[in-house]
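Let me begin by presenting the structure, written as structure tokens, before commenting on it.
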Amino acid sequence: MNQNADAIIVGGGIAGAATAYYLAKAGLKPILCEKGEIAGEQSSRNWGFVRQQGRDPFEVPLMIECNRMWQGLSAELGTDLHWRQGGNLAMAADGKRLAALEGWLDVAKLYQLDSRILTNKQIRELIPGIEGHWVGGLYTPSDGQAEPAVVAPAFAQVARQLGAEIMTGCAVDEIVTAGGAVTGVRTERGELKAPIVICAAGAWSSRLLRRLGLSLPQLLIRGTVARTTPAPKITAAGVWGPEVAFRQRSDGSFNIAAGTGTDYDIVPDTLRHARAFWPNFRENRALFDLHFGPAFLKSLWSELRLSETGRHPFRAIRVMDPPANPDRVANALAGLKTVFPNLGPVSIVRSWAGNIDATPDAIPVLGGVEAVRGLLIATGLSGHGFGMGPIVGRLMAELAAKGKTSFDITGFRFSRFEEGATLGARSVV
Ligand SMILES: Cc1cc2nc3c(=O)[nH]c(=O)nc-3n(C[C@H](O)[C@H](O)[C@H](O)COP(=O)(O)OP(=O)(O)OC[C@H]3O[C@@H](n4cnc5c(N)ncnc54)[C@H](O)[C@@H]3O)c2cc1C
């Protein structure tokens, strides 16, 4: 094993794998350490929407550039990522929701995005066979979708071909510093040295950074997803309505999720970060089903150094695999059949869940940390980081290689929490 690198990346989700690729493409020698497998957690478990619409205004210019990148990515990585530019549609059940979606058109106009509001009739013209009483929807034809399970592995594979070292089954126990600067990482396979360490550890980032004395407010929201048997081809749009969210894959099967509501397990971190998350939680209370029980005790136990999970949390849980909520699977399937009354027989072939890592303002943390030179953070992608993954990787590689980025990322700075400078959750989808 090579023990010296230009940069070490912690985490092999889409953020880390894309960073490894763009660093290697720039001629640097990165080492990526992944405790489990590439894209074992959020990056293979998501819906696969690649959306510009509805995002926080800070994210929109990055996402427009990222959409452009997605268009050439299958060719660039030599793998079919199942990218399709079929648009994205968010449907509203009532006037209040529609007003929020309409309000976002001001952001779209600022960047000349092709977003527009559709009437119920226009929704039914766009998606053949769809039925429902929506008052309208926000639609962006240039949005797309891709197949989550193949994207991060494709980035990692080409990164390796370009000289990156990709180490799976290699947990980083801690980031090592000396004199206020990173010197490398301590892993279960020994110490690795580099002047730059990039934390792309997804749902584990807060825990990893806490070992450096840094407080990253990050909580985990459990999202359940299911896949159906194939059906005749209907649409290439990603659709999110109150009854169901769905994306029809290239083979005709649907990825579906319940249109409203998600599960939140109360854990010790809930108390730790309660103040930071309170405003967002209060505003969106109706969206969360709170659970207090085994997850709290499990998490508490994993924090005590008495347990193996407490001593070596990143080794003890190689792949975070939370349980799918069977009620949400049933609701999603019922929702799909409601909106497509003539769909014919489809059934569920599998279901799964993923823990979404969210920040209080639902935008990522991207960039350096004043207190620790050489440490870069790319995390907190807050439930919409699959679409943004390629640009996140590119920007992190730019920062590591040149010390500056081609887009302004100050809105994503880590220090915004400490400064009390967060602007609240501004995304509408
Ligand atoms: C149910 C669900 C639906 C979603 N739908 C969408 C969608 O439609 N569109 C969209 O854009 N986004 C969506 N997302 C969000 C998206 O999946 C995430 O934002 C994105 O995948 C995050 O990527 P990441 O690389 O930051 O994290 P992850 O993919 O979670 O990767 C982090 C990796 O770091 C590793 N790691 C952590 N700690 C260590 C350590 N100490 N040592 C070594 N390795 C470590 C982990 O094992 C993990 O593999 C969804 C997410 C979920 C869960």
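This chain uses plain numbering: 1 for the first residue, then up along the sequence. Both counts, for ligands and for their atoms, begin at 1 and track the order of listing.
When the heavy-atom distances from atom 6 (C) of ligand 1 to V172, N46, T262, N355 are ranked, the shortest goes to N46. Of the listed residues (V10, I356, I175, I9), the one carrying the non-hydrogen atom nearest atom 40 (C) of ligand 1 is V10.
Near E41, meaning under 4.0 Å from any of its heavy atoms, are these atoms of ligand 1: 30 (O), 46 (C), 47 (O), 48 (C). Heavy-atom contacts of G12 reach the following atoms of ligand 1: 33 (C), 34 (O) (cutoff under 4.0 Å).
Residue W47 has at least one nitrogen or oxygen atom sitting less than 3.5 Å from a nitrogen or oxygen atom of ligand 1, judged on distance alone. Checking only distances, F386 does come within under 3.5 Å of ligand 1, N or O to N or O. Considering backbone and side-chain atoms alike, I14 places an N or O below 3.5 Å from some N or O of ligand 1. Distances between N or O atoms of G385 and those of ligand 1 include at least one value under 3.5 Å. Considering backbone and side-chain atoms alike, S43 places an N or O below 3.5 Å from some N or O of ligand 1. Among the atoms of T379, none of the N or O lies under 3.5 angstrom from an N or O of ligand 1. Remark: ligand 1 and Q42 share an N or O pair separated by less than 3.5 Å (distance only, no angle test). For ligand 1, the polar-atom distance check finds no N/O of A378 at less than 3.5 Å from any of the ligand's N/O atoms. Between E34 and ligand 1, a contact under 3.5 Å exists for at least one N or O pair. Residue contacts with ligand 1: G387 is placed with a nitrogen or oxygen under 3.5 Å of a nitrogen or oxygen of the ligand (distance criterion only).
Using a 4.0 Å cutoff on heavy atoms, C170 counts as a contact of ligand 1.
Among the candidates T19, I196, I9, the single residue satisfying the side chain to side chain contact (heavy atoms under 4.5 Å, CB included) test with M396 is T19.
Judged purely by distance below 3.5 Å, without hydrogens or angles, the side chains of T224 and R45 never pair a donor atom with an acceptor atom.
For atom 13 (C) of ligand 1, the nearest non-hydrogen atom of the protein is G383 O, 3.1 Å. The protein non-hydrogen atom at the shortest distance from atom 8 (O) of ligand 1 is F49 N, 3.0 Å. Protein heavy atom at the shortest distance from atom 44 (N) of ligand 1 is K35 N, 3.0 Å.
The pair R186-E174 meets the salt-bridge criterion, since a charged nitrogen lies less than 4.0 angstrom from a carboxylate oxygen. Ion pairing between E147 and R249 holds under the 4.0 Å rule for side-chain N and carboxylate O. We find that E303 and R272 are joined by a salt bridge, their nearest charged nitrogen and carboxylate oxygen being less than 4.0 Å apart.
Between F281 and F277, a ring centre-to-centre spacing not shorter than 6.0 Å is recorded. In summary, the aromatic rings of F49 and W70 are positioned with their centroids too far apart to meet the 6.0 Å limit.
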Under the ring-ring contact (aromatic ring centres under 6.0 Å, His included) criterion, do F340 and F246 qualify, and how do the steps go?
CA-CA 11 Å; F340 290 116; F246 65 85; 5.3 Å; yes
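Here the side chains of P141 and Q85 are not in contact, with every heavy-atom distance at 4.5 Å or above.
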